[in-house]
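Working notes, beginning with the structure itself.
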Amino acid sequence: MLNNRRQFIKKLLLTSLTMSSLAFSKISLGKWIAYDFGYRPIDKSLSELFPNKTLQKTGKINLKLPRRAENGNVVPITITSSIENIDTVYILSEKNPVPLIAKFTLDPSLETYIGARFKMKETCDVIVVVKADDNYYQTRKRVIVTLGGCGG
Amino acid sequence: MANRSTIKIRSKHFPDYTLVRTLIAHTMETGRNKNQDTKALIPAHFIQTLSFKHNDKVMSECHMGFGISKNPYFSFKIKQANPGDKITISWKDNLGFSDSKDHIIQ
């Protein structure tokens, strides 16, 4: 009996160890950072995503967004820009519980063009931040949401 | 998931670029929605990473949260691609499911 229990505890320890190491490797391999996609206000999200960076306002990012979204569950966005060497694009929605919608890396052999569909909780600004040559640029556009799309 | 692929890819070749569009069948549950009958919260289930490859070279990596709509749609433009080139799109979600699909530009 004792022997059994000892074995059981040994096994338990071993499995928990392998489980935790697996979970760890998953995070480091996937590089998907759960913290970035956590619940927080937009200001905090921006300051944590881009610490000590100035987000220059620019008119060179073109957002194609509906002026009025009937259904916040599906808001289509198309991002184009004439800024050179863009390597990362961030999409944020100001009043969503999780402001960061998505981030994209762009290879130089892609045109600066991204189309996507995302959810908006309520009427607010959509913020797109791009990174080019270690400079950050942002642009905003207001979308009126008739029916919120974040559930709850 | 099931045998049928969750990914649909369409491409259109233009003289100066190639437009690639993809539609993925996925619930993208936020974890905040309730089951209508039981009133229990539906656990979060959403795609976390998506990769878009052209001839096995990574063109774009996308990290997303559940702010992306149900059945996500994405489109990209490749500057230079030729008919016969291979496009690969793959995704992975928070519950460990994943899928991948190849597409040949016509």
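Protein chains get the first letters and strands the later ones, always in sequence-line order, with residue 1 at the start of each.
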Under 4.5 Å from any heavy atom of chain A - which part of [X]:
X	result
B:Lys70	backbone
B:Phe52	side chain
B:Ile47	neither
B:Leu19	side chain

What is the minimum heavy-atom distance between [X] and [Y], and which atoms define it?
X	Y	result
A:Leu110	B:Lys79	O-CE, 3.7 Å
A:Val74	B:Ser69	CA-OG, 3.5 Å
A:Trp32	B:Met64	NE1-O, 2.8 Å

Please look at [X] and chain B and tell me whether the side chain, the backbone, both or neither of the residue comes under 4.5 angstrom of a heavy atom of that chain.
X	value
A:Tyr90	neither
A:Val75	backbone
A:Pro108	backbone
A:Val98	side chain

Verify the cluster assignment for [X] and [Y]: are they in a single hydrophobic cluster under the rule of side-chain heavy atoms below 4.5 Å apart?
X	Y	value
B:Tyr73	B:Val20	no
B:Leu95	B:Ile24	yes
B:Ile87	B:Tyr17	no
B:Ile9	B:Ile104	no
A:Ile77	A:Tyr113	no

Could you measure the distance from the [atom1] atom of [X] to the [atom2] atom of [Y]? Nearest 0.5 Å is fine.
X	Y	atom1	atom2	value
B:Phe76	A:Thr112	CZ	OG1	12.5 Å
A:Asn73	B:Met28	CG	CE	11.5 Å
B:Ile68	A:Ile91	CD1	CD1	6.0 Å

Taking the side chain as everything from C-beta on, heavy atoms only, tell me whether [X] gets closer than 4.5 Å to [Y].
X	Y	answer
A:Arg117	B:Leu23	yes
A:Pro97	B:Arg32	yes
B:Met59	A:Ser109	yes
A:Phe37	B:His63	yes

Subject >> Contact leader toward chain B among A:Ala102, A:Pro76, A:Gly115, where contacts are heavy-atom pairs under 4.5 Å >> reply: A:Gly115
Between [options], which has the largest tally of heavy atom pairs under 4.5 Å with chain A?
options	value
B:Arg21, B:Gln48, B:Glu61	B:Gln48
B:Gly65, B:Pro72, B:Cys62, B:Ser75	B:Ser75
B:Lys57, B:His54, B:Glu29	B:Lys57

Subject >> Main-chain N/O of A:Thr105 paired to B:Ser60 side chain as donor or acceptor, under 3.5 Å >> reply: yes
Original post:
Parallel, tilted or perpendicular for B:Phe74 and A:Phe104, by the 30°/60° rule?
Top reply: perpendicular
**OP:** Look at atom NZ of A:Lys64 and say whether more than 12 heavy atoms of other residues, nucleotides or ligands are closer to it than 6.0 Å.
**Re:** no
Original post:
When you look at NZ of A:Lys60, are more than 12 heavy atoms from neighbouring residues, nucleotides or ligands closer to it than 6.0 Å?
Top reply: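 Check fails, neighbour count at 12 or below.
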